[in-house]
Every structure is written in C-alpha cells, then in structure tokens.
K.L.:
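Here's a structure for you.
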2 protein chains.
Amino acid sequence: MSKQELPIIDAAVDVSGAACCAPLACEPLSESEAAELAPLFKAIADPVRLRLLSLIACHEGGETCVCDLTAAFDLTPPTISHHLKVLKQAGLIDSERRGTWVYYWINPAVLARMSALIGPASPVLAGTA
Amino acid sequence: MSKQELPIIDAAVDVSGAACCAPLACEPLSESEAAELAPLFKAIADPVRLRLLSLIACHEGGETCVCDLTAAFDLTPPTISHHLKVLKQAGLIDSERRGTWVYYWINPAVLARMSALIGPASPVLAGTA
DNA sequence: CTGTTGATTAGAAGTTCATCGAAACAGCCG
DNA sequence: CGGCTGTTTCGATGAACTTCTAATCAACAG
C-alpha cells in the first residue's frame, strides 16, 4: 500500500535532469514474492540444516531414517528433530513413518525453484547483466 | 574434533542386525563447508535484501545507484545502506563510487555457486534420488 | 570556502528469534 | 508389558536482527 507496490520502470532523474541510473530491463521481485521466498532461504541458512539436507540427499534412494541423521551430529535427538521440523515446515523435506523408523526425503521441486531464482538463467536476478 | 569430521560411509545398523537406512551414495557436505555456505544463504534470507538483489540485477547494465534503491522502499537511506553492506560482506555484490553516486552490481559467481549447490545437478544435494 | 546533495557510519532501542536440552509423551515391536 | 525410536512440550539463555536518529564523509556547484 505504498510505493513498494508500484513497479518502477523509468530511471531516476536528479534535479539537473541527468539520469543517474539505467532503466529496468526486467520486472524485479515484488514485495510479496520476496516475503514468500525469504523464509525458504532462511530455512537452509543454517549449517546443521544444510548438512541434514545433504545427508538425506546423499543416501541411496534419496531417503534416510532419523537414526542415521542423529548419529552424524553431536546434538541430541530433540535438536535434530527440531531442525527437521523447520525444514519440513518450509516444504523442503517430507517424512513418513514405516514401522519402527521415520524416513525423510527431499522435496526437489522447492529446492529447484530456489536454485532457479538465484541461478544464471533467472529472470529476476540474472537480468541482462 | 568429533564424529562430525568422520565421513559416514556405511549404513547404520540396529542391534538386531537389520539395516534401517540405505548407504550413502555420495559424500555429504562437511561441517566446514556447511559453515562456510550458511552465511551466504542467510544474507539473502531477508525480503529486503532479496528485493535489493533483484532490483540491482534487473537494471540495464547490471548496476544501479543507491538512489534508485532507496526510492523503491519505505526505509531510510541508512537502513538500505546497512542491507547493502550485509550483501557486500557476503560477497554477493560489489560497489564503486563514480562521482556523486555509488553504484552496485551483482557478483554472479557467488550466486551461481549457491544456485548450483541446491540445484538438480548438485553432487551433494541431488544425490542419486 | 561554503552550502547542498548523496551515501555511509556510529550508536542505540527494541523486539524478535534462535539454539539447545531435560523431561514427558506417542507409536511400534517382541 | 517393557524396550526402542522419534517427537513434542517447555523453558532458559542468549544472541541476533531490523530499524531508527544523529553525526560524518565525499563530491560537486557557486
């Protein structure tokens, strides 16, 4: 409900009439898009969660039981469980109980979306640079 | 200095001798790698900084002067300056003063590295899934 | 030199958030 | 039932965050 919502298409112009900046070549991230994407990056902006993701992905079959994850850290099971919950609530992983053990696997779509956003072919971050 | 440093190659085995998890198909992220990468993601895990990056990238020529960035937000110039500093210290952007104005541009290499890490072709996150 | 505009720094307030563990609980199996 | 795996709840500690005001630095115009 402020100037954030308005697309800024033309270059800024100073008092003397000289433009200080180039015009936009593409539509930048909107405020709402940014607000939606930031928590995804925040979820992986932690060394433990980054390694958890990596451990899950590196297991054959793409899934891992929690016992293997807790064994890889010097953290207590509740702490691991907490980090897994953060990743799951962000939509980055999913889980299922099979008998005694609980298995986690990665949701590739969400990670791919994040990767594409900051990748060289991104329409909003690569621009024409 | 603990079990984190040891690569975990074989599957965990429970007391009865039955494996609960599949073995590793690739080498997961090391503790030091994760510690090095997490701050990069933390730098972009903020809606304002995400939009700043996008605004810089979307400008023709790939660079933008600060005046154009402050105009796009309802924040004071010092606040914008702070967020730009965070991005710069993470290595994601660079800047240069040219006369009256200061220009910022994106460092594509760092973003590409982050993108590749979480992308579908990543050796540590895509695994064999 | 002086005044103005653009941008950064210094400092601080305030809130929020995060990490982690101890203890208790829930689902499964023999 | 008892033992095991994993999760939740709760809490305490502490750190980190965003954002502002005020002051400072840099470049330019007159």
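In the text below, chain A, chain B and the rest are named by the order of the sequence lines, each starting its count at 1.
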K.L.:
How long is the gap from CG on A:L37 to CG on A:L29, to the nearest 0.5 Å?
P.N.:
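Taking CG in A:L37 and CG in A:L29, the distance rounds to 6.0 Å.
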
K.L.:
Answer with base, sugar-phosphate or nothing: what part of the nucleic acid does B:K42 contact at a heavy-atom distance below 4.0 Å?
P.N.:
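Counting heavy atoms under 4.0 Å across all strands, the contact made by B:K42 is with sugar-phosphate only.
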
K.L.:
Could you state the CG-P distance from A:L52 to C:dC20, rounded to the nearest angstrom?
P.N.:
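Computing the A:L52:CG to C:dC20:P distance gives 11 Å.
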
K.L.:
Report yes or no: do A:W105 and A:V66 belong to one cluster of Ile/Leu/Val/Met/Phe/Trp/Tyr joined by side chain heavy-atom distances under 4.5 Å?
P.N.:
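Not linked; separate clusters.
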
K.L.:
Using the 3.5 Å cut-off, write out each protein N or O paired with an N or O of nucleotides 20-28 of chain D and the distance between them.
P.N.:
residue	atom	partner	partner atom	Å
D:dC20	OP2	B:T76	N	3.3
D:dC20	OP2	B:T76	OG1	3.1
D:dC20	OP2	B:T79	OG1	2.7

K.L.:
Mind calculating the distance between CG (B:D46) and P (D:dA16) to the nearest angstrom?
P.N.:
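Atom CG in B:D46 sits about 16 Å away from atom P in D:dA16.
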
K.L.:
Within this structure, what is the CZ-to-C1' distance between A:R49 and C:dC20, rounded to whole angstrom?
P.N.:
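Rounded to the whole Å, the gap is 13 Å.
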
K.L.:
Could you give the CZ-to-P distance, from B:F73 to C:dA7, as a whole number of Å?
P.N.:
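Rounded to the whole Å, the gap is 15 Å.
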
K.L.:
Could you work out which one of C:dG6, D:dT18, C:dT19 sits closest to the side chain of B:W101?
P.N.:
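Looking only at heavy atoms from C-beta outward on B:W101, the closest nucleotide is C:dG6.
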
K.L.:
If you measure from OG1 on B:T64 to CG on B:L69, what distance do you get to the nearest 0.5 Å?
P.N.:
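Interatomic distance, B:T64 OG1 to B:L69 CG, rounded to 0.5 Å: 5.5 Å.
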
K.L.:
At less than 4.0 Å, is any side-chain N or O atom of B:Y104 found next to OP1 or OP2 of C:dT8? Yes or no.
P.N.:
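For C:dT8, OP1 or OP2 has a side-chain N or O of B:Y104 closer than 4.0 Å.
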
K.L.:
Mind calculating the distance between CZ (A:F41) and P (D:dC17) to the nearest angstrom?
P.N.:
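Rounding to the nearest Å, CZ of A:F41 and P of D:dC17 are 18 Å apart.
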
K.L.:
Is there a donor-acceptor pair closer than 3.5 Å between any side-chain N or O of B:R51 and the backbone N or O of B:L53?
P.N.:
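Answer holds: no.
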
K.L.:
Roughly, in whole Å, what's the span from CG in A:L50 to P in C:dT19?
P.N.:
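These atoms are roughly 13 Å apart.
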
K.L.:
Which value, rounded to the nearest 0.5 Å, describes the distance between A:N107 atom CG and A:K88 atom NZ?
P.N.:
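Between A:N107 CG and A:K88 NZ, I get 11.5 Å after rounding to 0.5 Å.
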
K.L.:
Round to the nearest Å and state the distance from B:L69 atom CG to C:dG6 atom P.
P.N.:
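From B:L69 CG to C:dG6 P: 14 Å.
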
K.L.:
Do B:V86 and B:V48 belong to the same hydrophobic cluster, where Ile, Leu, Val, Met, Phe, Trp and Tyr are linked whenever their side-chain heavy atoms lie under 4.5 Å apart, directly or via other members?
P.N.:
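Shared cluster, no.
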
K.L.:
Take atom NZ in A:K42; do more than 12 heavy atoms of anything else shown fall under 6.0 Å from it?
P.N.:
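For A:K42, atom NZ is not crowded (no more than 12 foreign heavy atoms under 6.0 Å).
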
K.L.:
Grab the CD1-P distance between A:I80 and C:dA22 for me, whole Å please.
P.N.:
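Result: 14 Å.
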
K.L.:
For a quick test of reading the model: is some side-chain N or O of A:H83 closer than 4.0 Å to OP1 or OP2 of C:dA18?
P.N.:
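Negative; the distance criterion is not met.
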
